K.L.:
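Got a structure for you, questions after.
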Amino acid sequence: MRLRKSPAPQTVAGPSPSHPLSLTDKLLLTLALVARIAVTAAGEWELARQVGISSTVAPLLAVVIDVYVIAAVRAGKGGDVAAALAMMGGAQVAAHPLSTGHIGASVILVAAVSLVAPVVIWRVHALAGVGKAPVVQKTPEPAVNVTRASTPAGKPDTKWPPARQPPAVRAVSTALVPRPDAVTARVSPEPEAADKSPQKPSADQIVRALYDQLGGRRPGTTHIRDALKAHGLPCSDGTCRSIRQRVETKEPKLKALPST
């Protein structure tokens, strides 16, 4: 079986560890830094005053430039180190001719000094890592079996399990199942007896009988309502008149009888 080699883990490039500095080296570096700040700060302060910056905040121009130089050196960015040193050197070159009167404060010089603080703020934040995405190391990929070794003829491959057999399915019989004997039920004779029971007379029959009961007179609404109410039927005035009209439509001669 042939395996694919895993790629080597990637590492993030960075500065190689340096040897620890001795006490003498630290003192020399500190002394050089303090001397540089003292020498250049005076010229930067004078440059700020010559371009119109207030004497109260003029020393801050030296602080701004020195902060940029220190941040660039600590970050190890060659481009920023060169830009910071060029800014510091340009401030010195412009400050001394201004103080001696060899040149005057031009518009270009004033604009350049005014842009020092914004540029330094931008670069110092960039060097501090503001807005940078974290670097994630890639983990090595595991070895993957890309090919399968050939198996000699006559020898089964024991590394692969045998194929599973499907479960047996029982055949379904198509023979008809005999139906059980039907069971007959005896029907109660009560419905037949109920059919023979006398039915209540209809509303038309009740009203028609009133003509005979009144001795050949035409019944009024009161007579019809009482008769219908006695049989438990609807007996409103409209219902009474409607029933009497149906009866007289069937027998028009009844309408000619005298009313009660």
Side-chain angles (χ1 to χ4, degrees), residues 4-143:
R4 187 179 63 186
K5 294 183 179 180
S6 301
Q10 299 180 1
T11 57
V12 180
S16 59
S18 57
H19 297 287
L21 297 176
S22 62
L23 180 59
T24 304
D25 294 335
K26 293 181 179 179
L27 290 176
L28 291 176
L29 290 175
T30 304
L31 181 60
L33 181 61
V34 172
R36 183 202 60 77
I37 292 175
V39 171
T40 58
E44 294 160 357
W45 186 357
E46 183 64 24
L47 174 63
R49 291 179 59 256
Q50 292 293 334
V51 296
I53 299 177
S54 173
S55 301
T56 305
V57 297
L60 296 180
L61 179 63
V63 176
V64 169
I65 297 176
D66 293 340
V67 166
Y68 184 25
V69 173
I70 295 173
V73 172
R74 287 178 61 85
K77 300 292 184 180
D80 284 284
V81 171
L85 294 178
M87 186 181 296
M88 179 182 293
Q92 301 302 314
V93 171
H96 296 297
L98 279 174
S99 61
T100 57
H102 288 82
I103 61 174
S106 62
V107 176
I108 297 177
L109 180 60
V110 173
V113 175
S114 301
L115 292 175
V116 169
V119 172
V120 169
I121 292 175
W122 163 50
R123 293 312 306 158
V124 169
H125 278 73
L127 294 173
V130 177
K132 291 184 178 179
V135 179
V136 180
Q137 295 184 357
K138 294 184 178 180
T139 56
E141 298 180 359

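Heavy atoms only: backbone and side chains are in, while hydrogens, waters and symmetry mates are out. Start at 1 with the first residue, then count along the sequence. Since the model is a prediction, treat every value here as computed from it, not as a measurement.
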K.L.:
Rounded to the nearest 0.5 Å, what separation is found between the CG atom of Leu85 and the CD1 atom of Ile65?
P.N.:
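Atom-to-atom, Leu85:CG and Ile65:CD1 are 11.5 Å apart.
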K.L.:
Can you name the nearest heavy-atom pair linking Leu127 to Ala75, along with the distance?
P.N.:
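Answer, listing the atom of Leu127 first, then Ala75: CD2-CB, 3.9 Å.
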K.L.:
Using a cut-off of 6.0 Å, state whether more than 12 heavy atoms not belonging to Leu115 lie near its atom CG.
P.N.:
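Counting other residues, nucleotides and ligands, CG of Leu115 exceeds 12 neighbours.
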K.L.:
Calculate, to the nearest 0.5 Å, the distance between atoms CG and OH belonging to Asp80 and Tyr68 respectively.
P.N.:
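OH of Tyr68 is found 4.0 Å from CG of Asp80.
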K.L.:
Just wondering, do Val67 and Val63 contact through their side chains at under 4.5 Å, heavy atoms?
P.N.:
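The answer is yes; the side chains approach within 4.5 Å.
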K.L.:
Tell me the closest heavy-atom pair linking Ala72 and Val81, and the distance in Å.
P.N.:
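For Ala72 versus Val81, the nearest heavy atoms are O-CG2, 3.3 Å.
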